[in-house]
Q: 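Submitted below is the structure of interest, expressed as structure tokens.
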Amino acid sequence: MPEGPELHLASVYVNKMCKGVVFSGPVTKSEVSKSPDVPFTCEAYLITAVSRGKEVKLTLTPLKSDGSNQRAKRAQTDQPMDIVFRFGMSGYFTFTTEDELPKHAHLRFHSKENPSRVLSFVDTRRFGSWEPNGTWHSDRGPCIMFEYEKFRDNVVTRLSDRAFDRPICEVLLNQKYFNGIGNYLRAEILFRLKIPPFVSARTALEGHESEDLNENEKPVKTEITARKASHTVKKKAMKEETGDLLRLCHTVPLEVVNLGSGKGYDPTKQDYSDFEAWLQCYYVDGMNSIRDHNGRTMWFTGEPGPMAPKESKSPKAKKRAKTASDNDYTDDNKKMAKGNTKKTLSETKPSHHQVTGSNRKQLEKDKVKSGNGSPAGSQRRSQRLTRQRNLTK
DNA sequence: CGTCCACGTCTAC
DNA sequence: TAGACCTGGACGG
């Protein structure tokens, strides 16, 4: 599910499905979950949701009781409770009958109906979490979708922070500034502007102090400032055509929201084809991809940019489960045996960018493929998606 | 069967 | 800046 748009769509889903539904009793948790118990029990309560960036907050609101049953009341919560959820890689909400409860439904809110229905937080990989009586995480910035002015201000006023020394594609994942952007959004946003992913963030974001194009034009005195000015003008002209980067951090996620409920990123879903059609770059056949400095796959087209990871930067070595008698290879040989494109690519076809993608077919023909640790490989992906599409028809 | 990959944080050398 | 945290689907042998 989970970048900003999916989190928001989840909140929309909860509000839609739970409107008018009365919940009752305790909030139950799966045995295996490490997230905290939710100390809330109430004879009758409502559930609403709101999202901010990559978090969703549920509010449990007790309904007024008539006070006739003092004993039952004592054990109950009569104050509203907020629970803040983070979805990790696989979290989502679903509202089902008890019978239809999915595997990995780790937190459950039971309706008062008979038979009861259940709002559940499902999270296959358990990277997600919740926090009873929680608040928006203090280290996360304003929501890119629904706090646009604050988001923008938070970036432009802190451009001098060291955080912006890094490549733009990596900074876009920094939730302190870009709360809601994730791996597919960064690719789509940079692709729209054809900004090389590994240019410095500060450079890419310069001149974003205002959205008004053509204000603050100043008289030029020297040649140097004249050149600077003309550079600025050019930048502004470019922005006029394409929209600036910060604005796209807002509008591109909203496009996904506007695909509608249940249409975000979820390859396992029936409806995945709409989202897939919306993608222009991420995992798209013909695009390039390389791993960034954090080992995340960056999808792009054109030049990677000057701050692209160097060859020496080892792609993530496959760690294998350790076995007692594992002496066939040295560590290095293991890595090679496991394969890892960056090395293989560079040895086969020297290039200072470890670019995969359009080169990939050729390289595969050249037998680079075995041991190819290339991130994803667009060809493979499209095959996989084709299969899924066929399966869902 | 085994390997690689995935929409994201976290904390510990 | 590596791992750690997890499950499961696609693919290769």
Side-chain angles (χ1 to χ4, degrees), chain A residues 1-10 30 32-35 53-56 84-92 102-106 122-131 137 139-140 166 170 172-176 178-188 253 256 263-269 272 275-276 278-279 282-283 289 291-299 309-310 312-323 326 331 334-341 356 364 369-392:
Chain A
M1 264 227 125
E3 296 184 22
E6 289 76 22
L7 279 274
H8 179 70
L9 288 168
S30 74
V32 68
S33 172
K34 289 173 184 164
S35 281
K54 265 186 252 183
E55 297 180 308
V56 168
V84 172
F85 290 79
R86 300 175 193 104
F87 280 18
M89 294 285 264
S90 57
Y92 66 97
K103 203 175 176 184
H104 309 297
H106 295 302
V122 184
D123 182 10
T124 305
R125 296 181 69 184
R126 274 184 274 146
F127 293 172
S129 63
W130 60 81
E131 200 183 326
H137 197 301
D139 291 342
R140 307 186 69 109
R166 323 209 43 170
E170 293 171 15
L172 285 175
L173 294 184
N174 185 337
Q175 303 297 299
K176 188 172 176 183
F178 297 91
N179 187 6
I181 302 294
N183 206 26
Y184 79 72
L185 283 172
R186 71 169 177 173
E188 294 300 314
V256 178
K263 297 273 180 76
Y265 185 177
D266 182 358
T268 65
K269 191 161 10 78
Y272 184 61
F275 178 77
E276 191 198 357
W278 175 84
L279 290 174
Y282 181 79
Y283 250 131
S289 66
R291 288 195 189 270
D292 69 15
H293 294 278
N294 302 308
R296 302 269 257 146
T297 303
M298 179 66 218
W299 290 85
K310 295 295 172 226
S312 58
K313 179 103 199 94
S314 141
K316 62 178 179 196
K318 263 304 90 171
K319 42 186 167 198
R320 13 143 86 177
K322 264 197 139 185
T323 63
D326 193 7
D331 278 356
K334 276 183 204 167
K335 283 177 194 166
M336 288 306 287
K338 294 300 153 189
N340 171 331
T341 316
T356 65
E364 282 175 354
K369 193 179 171 191
S370 74
N372 188 342
S374 143
S378 47
Q379 221 181 344
R380 207 211 280 167
R381 165 68 161 200
S382 58
Q383 283 169 8
R384 193 165 92 215
L385 291 179
T386 302
R387 281 184 196 193
Q388 281 192 349
R389 233 178 288 131
N390 292 341
L391 281 174
T392 58

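Convention: sequence-line order gives letters A, B, ...; per-chain numbering from 1.
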Q: Distance between the P atoms of C:dC5 and B:dC13, in whole angstroms?
A: 12 Å
Q: Whole Å only: how far is the CG atom of A:Asn294 from the P atom of C:dA4?
A: 17 Å
Q: Look at the side-chain N and O atoms of A:Arg125 and state whether any lies under 4.0 Å from the OP1 or OP2 oxygen of B:dA6.
A: no
Q: Looking at C:dG8, I'd like to know if its phosphate oxygens (OP1 or OP2) sit under 4.0 Å from a side-chain N or O belonging to A:His104.
A: yes
Q: Within the side chain of A:His106, is there an N or O that forms a donor-acceptor pair under 3.5 Å with the backbone of A:Arg126?
A: no
Q: Is A:Arg296 salt-bridged to A:Glu170, going by a charged N under 4.0 Å from an acidic O?
A: no
Q: Under a 4.5 Å cut-off applied to non-hydrogen side-chain atoms, are A:Phe178 and A:Leu185 in contact?
A: no
Q: What is the distance, rounded to the nearest whole Å, between atom CG of A:Leu173 and atom P of B:dG8?
A: 7 Å
Q: What's the gap between C:dG13 and B:dC5 when it is taken at their P atoms, as a whole Å value?
A: 15 Å
Q: Could you check whether the rings of A:Tyr282 and A:Trp299 sit parallel, tilted or perpendicular, using 30° and 60° as the cut-offs?
A: perpendicular
Q: Is any side-chain nitrogen or oxygen of A:Gln175 closer than 4.0 Å to OP1 or OP2 of B:dT9?
A: yes
Q: Please report the distance separating the C1' of C:dG8 from the corresponding atom of B:dC10, rounded so that it comes out in whole Å.
A: 23 Å
Q: Write down the distance between CG (A:Leu172) and C1' (B:dT9), rounded to a whole number of angstrom.
A: 17 Å
Q: Please figure out whether A:Asn183 or A:Ser129 has its closest DNA chain B nucleotide nearer the 5' end.
A: A:Asn183
Q: Whole Å only: how far is the CE atom of A:Met89 from the P atom of B:dT9?
A: 10 Å
Q: Taking the six-membered ring for Trp and the single ring otherwise, decide whether the centroids of A:Tyr265 and A:Tyr283 are under 6.0 Å apart.
A: no
Q: Between C:dT1 and B:dC7, how far is it from one C1' atom to the other, in whole Å?
A: 22 Å
Q: Flag as yes if A:Phe127 stacks onto the base of C:dC5 (centroids under 5.5 Å, planes under 30°), otherwise no.
A: yes
Q: In plain terms, say whether A:Arg186 and A:Asp292 are close enough for a salt bridge, that is, a side-chain N and a carboxylate O under 4.0 Å apart.
A: yes
Q: Between A:Asn179 (side chain) and A:Lys54 (backbone), is there a donor-acceptor pair under 3.5 Å?
A: yes
Q: Under 4.0 Å from OP1 or OP2 of B:dC7: is there any side-chain N or O of A:Lys54 that close?
A: no
Q: Check the distance between C:dC5's P and A:Asp123's CG and give it to me in whole angstrom.
A: 16 Å
Q: Please give the stem ranges for DNA chain B, sorted by first residue number, where a stem is three or more consecutive Watson-Crick or G-U pairs and both donor-acceptor distances are under 3.5 Å.
A: B:1-6 with C:7-12, B:8-12 with C:1-5
Q: Would one find a side-chain N or O of A:Lys103 under 4.0 angstrom from OP1 or OP2 of C:dG8?
A: yes
Q: Mind calculating the distance between CD (A:Glu131) and P (B:dT9) to the nearest angstrom?
A: 15 Å
Q: C:dA2 P sits how many Å from A:Arg296 CZ, rounded?
A: 15 Å
Q: Categorize A:Arg186 for me: base, sugar-phosphate, or nothing, with a 4.0 angstrom heavy-atom threshold over every strand shown.
A: nothing
